[in-house]
Chemist: 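Mind having a look at this structure? Questions to follow.
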Amino acid sequence: MTTTPHPVRVRYAPSPTGDFHVGGARTALFNYLFARHHGGQFILRIEDTDQSRYNPEAMGWLVNGLRYLGLQWDEGYEVGGDYGPYVQTERLDIYQKYCQEIIGRGHAYTCFCSSERLEAVREEQAKNKLTQGYDRHCRHLNPAESAQRAAAGEPYVVRAKIPLEGEITFHDVIKGEITYQWVAIQDAVLMKSDGIPTYHFANVVDDHLMKISHIMRGDEWINSVPLHLFLYQAFDWQPPIMAHLPLILNPTGKGKMSKREDRAPDGKLMPVFVRTFQEMGYLTEAITNYLALLGWSYDDKTEIMSREELIERFSLERVKPSAAAWNYDKLDHFNGDYIRRLSVEDLTQRLVPFLNKAGVPATYETLLPITPLVQERMKTLTEATDFVDFFFMAELPDYDHSLLIPKKMEVATVRQILTQAQQILATTDFEPTALDTALRAAAESLSLKPGPMFQPIRVAVCGKMVAPPLFETLIIIGRETVMKRLGQAIAKLN
RNA sequence: GUCCUCGUCGUCUAGUGGUCUAGGACACAGCCCUUUCAAGGCUGCGACACGGGUUCAAAUCCCGUCGGGGGCACCA
């Protein structure tokens, strides 16, 4: 087996081109768990070598997302460290230096082909159904001559001089042994014509310079490993241990998880950005636990695990090689579970901002007694609004009077129920046992079961069919408001 | 197309030659509890892609087929 090098240094290296995606979050989480498990360093490096796709909002989304997920990095962007800078565009001179070195070592060459020519080559290849790729047109140019042309200002890129034959085999901790024929590998661009390195080059140089011990990244990168290994060899560097994480697939299992937030056939939003999950009220603990289980498992039954347990138990050996489909239902279940595990105080505190944002003027104090009534009914924090809004309204919004009438019940009966309720609630102590006794007795006197008796009262007081338990609700709302709403309901029936 | 890779219930997974008439979770169905909705309890439905080997014995090893996913940019 692979011995784990010490110290363990792993990195999450996103590029600031868009919103922070759950796929990236899972990669970051695995790196984080691995680092913590081994007492190593978790590093955040920014790979912003694509000037054209740079999105100024991306860094904010990233940093907020990582904070929300509780993935504190030890070194890197904003926190610094001994191997900085950690933003690639601040390391351009470093790449230039190594670029000259690899050319000098004869493992890379300058290429003067225009993008027009490259496109033409590709078109020709496509037409003849040949393998796509650079035709190595400039590979055999005389180095001295090339240097002269470059010095004269002719635009050029630098390409890897990939071996023309033979094969390369490497070991991936998750996937095992993998072999590629060198012929299948392109003479990839290392340095773009604007002097900025490509991902491949910057990534290898940085991982080496930053003493990265393990590379954990999405499976979509595995095809670039031969190129990277070529670079390590060219520089005579020791490559890190590789671990390619299984991809996250769409809920349907078809294709890698969408980069955009679409709606399901039933109209429900299917979030994919960390920020959206946060806004919808998914708990850090829940989403993190769910994410950990996408591709990794501890045993045959344990699913709910605290951060500490995750750190203690995580290992690359238990990461599966096959892709996993995202399951919103299961995430919801986890979130509901974690919500129920929260103390009433904690949940109340977390709920207030969500309610306020939805326009419900709840405060910690006013919400505290209500929280226990709704705690076990929520899957997400945003759902709380529907359960508690009527507690905070002076006037109930208009609702259809038919809601007051249970199926198969006469309007006259409903009127009776509400009138009875009015009489009882005018005098009975607002205390659970007293209410229970009085209202059940009333039901019996009307030859009704408690259910049908309570339903019209619930609707009258809450304005909706589904609401928290009745007696507790009545008590919190208070006699005065209850009496008023009962009166309004009766009026509605006339 | 080509290269790489994956293949256990609908989904997430346990399983590394016998303890598997394949275990758990989500979802679904039924029942119980019950003042609505939940939560909870119980039960059920439901899988080793297929075909060949190897072996006394295969979900587990080998080969092939089929199916899925990913890559093939001066993007990462």
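Proteins come first, then strands; the chains are lettered A, B, ... in the order of their sequence lines, and each starts at number 1. Hydrogens, waters and symmetry mates are skipped; everything else that's a heavy atom, side chains included, is used. Please read these numbers as outputs of a predicted model, since none were measured by experiment.
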Chemist: Can you name the side chain to side chain donor-acceptor pair (under 3.5 Å) partners of Thr252(A), sequence neighbours left out?
Modeler: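 Once residues adjacent in sequence are excluded, Thr252(A) has no partner under the side chain to side chain donor-acceptor pair (under 3.5 Å) criterion.
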Chemist: Under a 3.5 Å limit for both distances, which nucleotide forms a Watson-Crick or G-U wobble pair with C72(B), could you say?
Modeler: G1(B)
Chemist: CD of Glu317(A) versus P of G15(B): gap in Å, rounded?
Modeler: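 Interatomic distance, CD of Glu317(A) to P of G15(B): 13 Å.
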Chemist: Looking at U55(B), which nucleotide sits across from it as a Watson-Crick or G-U wobble partner, both distances under 3.5 angstrom, or is there none?
Modeler: none
Chemist: Using the salt bridge (Lys or Arg N to Asp or Glu O under 4.0 Å) rule, collect all pairs that involve residues 377-392 of chain A, keeping only residues at least two apart or in two chains.
Modeler: Asp389(A)-Lys464(A)
Chemist: Hey, does Gly295(A) reach any base, or is it just sugar-phosphate, or nothing, if we go heavy atoms under 4.0 Å?
Modeler: sugar-phosphate
Chemist: Determine whether a donor-acceptor pair (N or O, by modelled atom type, separation under 3.5 Å) exists between the side chain of Lys492(A) and the backbone of Tyr399(A).
Modeler: yes
Chemist: Starting at the 5' end of nucleotides 22-28 of chain B, put B wherever the base has a protein heavy atom under 4.0 Å, S where only the sugar-phosphate does, and a dash everywhere else.
Modeler: -BBBBS-
Chemist: What pairs with Arg340(A) under salt bridge (Lys or Arg N to Asp or Glu O under 4.0 Å), at least two apart in sequence or on another chain?
Modeler: none
Chemist: Leu245(A) CG to C6(B) P: how many Å, rounded?
Modeler: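 In whole Å, C6(B) P and Leu245(A) CG are 14 Å from each other.
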Chemist: In whole angstrom, give me the gap between the C1' atoms of G1(B) and C62(B).
Modeler: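 It comes out at 29 Å once rounded to the nearest Å.
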Chemist: What distance, rounded to whole Å, do you find between the two P atoms, one in C61(B) and one in C6(B)?
Modeler: 12 Å
Chemist: Between protein and nucleotides 68-76 of chain B, map the contacts as a letter string: B base, S sugar-phosphate only, - none, heavy atoms under 4.0 Å, written 5' to 3'.
Modeler: SSBBS-BBB
Chemist: Quick one: label Leu294(A) by what it contacts on the DNA or RNA (base, sugar-phosphate, nothing), any heavy atom closer than 4.0 Å.
Modeler: sugar-phosphate
Chemist: Find the distance Lys407(A):NZ to U36(B):C1' and express it as a whole number of Å.
Modeler: 12 Å
Chemist: Distance between the C1' atoms of A47(B) and A22(B), in whole angstroms?
Modeler: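 Those two atoms are separated by 9 Å.
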Chemist: Below 6.0 angstrom between ring centroids: does that apply to Phe334(A) and Tyr282(A)?
Modeler: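 Centroid separation for Phe334(A) and Tyr282(A): 6.0 Å or greater.
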Chemist: According to salt bridge (Lys or Arg N to Asp or Glu O under 4.0 Å), does anything in residues 218-227 of chain A pair up with another residue at least two apart or in another chain? List the pairs.
Modeler: Lys175(A)-Asp219(A)
Chemist: Whole angstroms only, please: what is the CG-P distance between Leu347(A) and A39(B)?
Modeler: 15 Å
Chemist: Could you walk me through whether Tyr156(A) and Tyr109(A) pass the ring pair (Phe, Tyr, Trp, His ring centres under 6.0 Å) check?
Modeler: CA-CA 10 Å; Tyr156(A) 68 94; Tyr109(A) 60 94; over 10 Å; no
Chemist: Assign each of Pro246(A) and Ser322(A) to its nearest nucleotide of RNA chain B by heavy atoms, then name whichever residue's nucleotide is nearer the 5' end.
Modeler: Ser322(A)
Chemist: Need to verify one output field. Residue with the more 5' nearest nucleotide on RNA chain B, Arg318(A) or Phe454(A)?
Modeler: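 Looking at the nearest nucleotide for each, Arg318(A) comes out on the 5' side.
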Chemist: Should C20(B) form a Watson-Crick or G-U wobble pair with both distances under 3.5 Å, which nucleotide is its partner?
Modeler: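 No nucleotide pairs with C20(B).
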Chemist: Please report the distance separating the C1' of C9(B) from the corresponding atom of A25(B), rounded so that it comes out in whole Å.
Modeler: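 Rounded to whole Å, the distance is 12 Å.
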Chemist: Given that both distances must come in under 3.5 Å, which nucleotide forms a Watson-Crick or G-U wobble pair with G64(B)?
Modeler: C50(B)
Chemist: Which value, in whole Å, describes the distance between the C1' atoms of nucleotides G46(B) and C12(B)?
Modeler: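 About 15 Å, rounded to a whole number of Å.
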Chemist: Can you check the distance between G23(B) and C48(B), where both ends of the measurement are the P atom (answer in whole Å)?
Modeler: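 That atom pair is separated by 13 Å.
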Chemist: In this structure, how many angstroms lie between the P atom of U5(B) and the CE atom of Met242(A), rounded?
Modeler: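 Taking CE of Met242(A) and P of U5(B), I get 15 Å after rounding.
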Chemist: Specify the separation, in whole Å, of atom CD of Gln181(A) and atom P of C3(B).
Modeler: 10 Å
Chemist: Over how many whole Å does the gap from Tyr290(A) atom OH to U13(B) atom P extend?
Modeler: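 Distance, rounded to whole Å: 8 Å.
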Chemist: Got a sec, which pairs hit salt bridge (Lys or Arg N to Asp or Glu O under 4.0 Å) with one end in residues 150-161 of chain A, sequence neighbours left out?
Modeler: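 Applying salt bridge (Lys or Arg N to Asp or Glu O under 4.0 Å) to every pair that reaches into residues 150-161 of chain A, excluding sequence neighbours, yields Arg149(A)-Glu154(A).
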Chemist: The criterion is salt bridge (Lys or Arg N to Asp or Glu O under 4.0 Å); which residues satisfy it with Asp329(A), sequence neighbours excluded?
Modeler: none
Chemist: With salt bridge (Lys or Arg N to Asp or Glu O under 4.0 Å) as the rule and sequence neighbours excluded, what pairs involving residues 180-209 of chain A come up?
Modeler: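 Applying salt bridge (Lys or Arg N to Asp or Glu O under 4.0 Å) to every pair that reaches into residues 180-209 of chain A, excluding sequence neighbours, yields Arg11(A)-Asp207(A), Arg45(A)-Asp206(A), Arg45(A)-Asp207(A), Arg91(A)-Asp206(A), Arg136(A)-Asp187(A), Arg139(A)-Asp187(A).
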Chemist: Hey, mind stepping through His228(A) and Tyr199(A) against ring pair (Phe, Tyr, Trp, His ring centres under 6.0 Å) and telling me if it holds?
Modeler: CA-CA 10 Å; His228(A) 297 182; Tyr199(A) 157 77; 5.7 Å; yes
Chemist: Taking the same atom, C1', in C45(B) and in U36(B), what whole-Å distance lies between them?
Modeler: 29 Å
Chemist: Identify which nucleotide among G7(B), C4(B), C12(B) has an atom closest to any side-chain atom of Ala325(A), counting heavy atoms from C-beta outward.
Modeler: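 Of G7(B), C4(B), C12(B), C12(B) is nearest to the side chain of Ala325(A).
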Chemist: Determine the interatomic distance between P on U5(B) and the same-named atom on G64(B); round to the nearest Å.
Modeler: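 12 Å, rounded to whole Å.
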Chemist: Should Arg440(A) be listed as having a side-chain N or O under 4.0 Å from OP1 or OP2 of U34(B)?
Modeler: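 Checking U34(B) against Arg440(A), no side-chain N or O comes under 4.0 Å of OP1 or OP2.
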Chemist: Figure out the CG/C1' separation between Asp332(A) and U11(B), and round it to whole Å.
Modeler: 14 Å
Chemist: Contact class for Ala467(A) (heavy atom, under 4.0 Å): base, sugar-phosphate, or nothing?
Modeler: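 Base, at least one base heavy atom under 4.0 Å.
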